[in-house]
Amino acid sequence: MRVDVPTMNYLMVDGEGDPNKSQSYSDAIEVLFTVSYAVKFMVKKGELTIDYGVMPLEGLWWADDMSAFSTDDKSGWKWTMMITQPDFVTKEIIDSAIADVRNKKNPAAISKVRFDALSEGKCAQILHVGPFSEEGPTVEKVHQFIDSRGKLTGKHHEIYLSDIRKADPAKWKTVIRQPMEYWA
């Protein structure tokens, strides 16, 4: 399916390497959720008094040489892990939450967190149900859709809708998204 994705603000951490073996990947996930929850409670208890749910984890995935981007060897993978922030969350709130988290817990990746906008625009996306190791055919469907209508652009994007610590891998839900240049 083709979608038009608006510009959104994210907490982001960049890294590289196999996400299954990399301590920096685990550290990125930890700090993203820690800061996102700190932001949530600052907003809820602050002047805005808005309560909202923290959004799911998302990831952008690529390699310097995309022909070498393989699920067999993930050591050359590059990634940006991120969590969407509501429009009413400002840089000042983020900076305050990061300072608070640094003072209270000081997670390993706190210095790597950034607040940035992502503009993807026209994208193809599909829901994959099942373990990450079985995403290949779903990703191929997205690429075929793009090839028949335009050109692939940008970075492979995944949105993790399931809590993989609790859900059966056969039921994991992941949105697969790929920016595209649309011709037809």
Side-chain angles (χ1 to χ4, degrees), residues 1-22 24-26 28-29 31-33 36 52-87 112-184:
M1 152 179 13
R2 195 191 90 160
V3 296
D4 289 312
V5 181
T7 299
M8 292 186 274
N9 294 322
Y10 290 87
L11 281 177
M12 300 178 170
V13 175
D14 301 313
E16 59 185 83
D18 186 335
N20 298 312
K21 299 176 182 176
S22 169
S24 64
Y25 181 81
S26 298
I29 306 307
V31 76
L32 286 170
F33 278 107
S36 290
Y52 63 93
V54 169
M55 299 300 288
L57 181 68
E58 303 184 33
L60 302 176
W61 300 93
W62 73 99
D64 288 336
D65 176 6
M66 284 305 287
S67 66
F69 192 78
S70 163
T71 56
D72 296 329
D73 179 12
K74 300 174 184 167
S75 62
W77 284 16
K78 296 194 174 189
W79 42 263
T80 298
M81 301 313 296
M82 52 197 195
I83 297 178
T84 310
Q85 300 301 305
D87 289 341
K112 296 180 180 181
V113 176
R114 63 187 167 91
F115 183 56
D116 208 350
L118 178 65
S119 298
E120 290 181 297
K122 292 175 178 48
C123 296
Q125 76 177 26
I126 192 170
L127 179 66
H128 170 76
V129 178
F132 306 135
S133 62
E134 296 176 7
E135 286 180 354
T138 306
V139 172
E140 185 58 33
K141 283 181 188 177
V142 170
H143 288 187
Q144 288 172 355
F145 176 87
I146 292 170
D147 290 344
S148 70
R149 291 164 177 83
K151 179 175 106 176
L152 185 142
T153 63
K155 296 174 181 167
H156 175 85
H157 186 160
E158 297 187 357
I159 304 168
Y160 308 105
L161 302 178
S162 302
D163 183 342
I164 65 169
R165 299 168 302 166
K166 299 176 183 174
D168 175 353
K171 296 179 181 178
W172 289 354
K173 294 180 181 172
T174 306
V175 174
I176 306 293
R177 179 183 292 161
Q178 180 66 53
M180 65 183 287
E181 183 178 316
Y182 191 72
W183 297 334

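We're numbering straight along the sequence, starting at 1.
Within the 4.5 Å cutoff, the side chain of Leu57 has heavy atoms near those of the Ile29 side chain. Proximity of Tyr160 to Phe132: side-chain heavy atoms (C-beta onward) are separated by under 4.5 Å at one or more points. Phe145 places a side-chain heavy atom less than 4.5 Å from the side chain of Arg2. Annotation: side chain of His157 is in contact with side chain of Leu118 (closest heavy-atom distance under 4.5 Å). In this structure the side chain of Asp116 reaches within 4.5 angstrom of the side chain of Met12, judged on heavy atoms. Between Lys171 and Ser162, every side-chain heavy-atom pair lies at or beyond the 4.5 Å cut-off. Leu11 is not listed as a side-chain neighbour of Met82, based on a closest heavy-atom distance of 4.5 Å or more. Counting heavy atoms from C-beta on, the side chains of Val54 and Ile83 come closer than 4.5 Å.
When each of Met180, Gln144, Lys122 is tested with Arg149 by the rule side chain to side chain contact (heavy atoms under 4.5 Å, CB included), just one qualifies, namely Met180.
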Original post:
Under the side chain to side chain contact (heavy atoms under 4.5 Å, CB included) criterion, do Glu158 and Glu135 qualify, and how do the steps go?
Top reply: CA-CA 11 Å; Glu158 297 187 357; Glu135 286 180 354; 2.5 Å; yes
**OP:** Determine, step by step, whether Arg177 and Glu120 satisfy the salt bridge (Lys or Arg N to Asp or Glu O under 4.0 Å) criterion, reporting the C-alpha distance in whole Å, the side-chain angles of both residues, the deciding distance to 0.1 Å, and the verdict.
**Re:** CA-CA 10 Å; Arg177 179 183 292 161; Glu120 290 181 297; 3.2 Å; yes
Subject >> Pair Val13-Val31, side chain to side chain contact (heavy atoms under 4.5 Å, CB included): steps then yes or no >> reply: CA-CA 9 Å; Val13 175; Val31 76; 3.8 Å; yes
Subject >> side chain to side chain contact (heavy atoms under 4.5 Å, CB included) between Ile159 and Thr84, worked out >> reply: CA-CA 10 Å; Ile159 304 168; Thr84 310; over 6 Å; no
Original post:
His128 and Lys173: side chain to side chain contact (heavy atoms under 4.5 Å, CB included), yes or no, with the steps?
Top reply: CA-CA 6 Å; His128 170 76; Lys173 294 180 181 172; over 6 Å; no
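Residues that satisfy the side-chain hydrogen bond (donor to acceptor under 3.5 Å, both in side chains) test with Thr153, not counting sequence neighbours, are absent from this structure. Partners of Asp14 by salt bridge (charged side-chain N to carboxylate O under 4.0 Å, His left out), not counting sequence neighbours, listed by chain and number: Arg114. Annotation: ring-ring contact (aromatic ring centres under 6.0 Å, His included) contacts of Phe33 (sequence neighbours excluded): none. Partners of Glu16 under the salt bridge (charged side-chain N to carboxylate O under 4.0 Å, His left out) rule, at least two apart in sequence or in another chain, do not exist in this structure. Here Ile126 pairs with Thr138, Lys141, Val142, Ile176 under the side chain to side chain contact (heavy atoms under 4.5 Å, CB included) rule; sequence neighbours left out.
In terms of heavy-atom proximity, Ile146 sits nearest to Pro179 at CD1-O, 4.3 Å. Across every non-hydrogen atom of Ala167 and Trp172, the tightest pair is O-NE1, 3.1 Å. In this structure, Val129 and Ala170 approach most closely via the heavy-atom pair CG1-O, 3.6 Å. When every heavy atom of Gln178 is checked against every heavy atom of His156, the shortest pair comes out as OE1-CA, 3.4 Å. The shortest heavy-atom contact between Gly17 and Trp79 is O-NE1, 3.4 Å.
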Return all side-chain donor-acceptor pairs below 3.5 angstrom for residues 3-10, not counting sequence neighbours, or 'none' if the list is empty.
| unit_1 | atom_1 | unit_2 | atom_2 | d |
| --- | --- | --- | --- | --- |
| Thr7 | OG1 | Ser119 | OG | 2.6 |
| Tyr10 | OH | Glu58 | OE1 | 3.3 |

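To the nearest 0.5 Å, atoms CG (Asp18) and CG (Asp73) are separated by 8.0 Å. Rounded to the nearest 0.5 Å, atoms CE (Met81) and OG (Ser26) are 10.5 Å apart.
Within a 6.0 Å radius of CG in Asp87, other residues, nucleotides and ligands contribute 12 heavy atoms or fewer.
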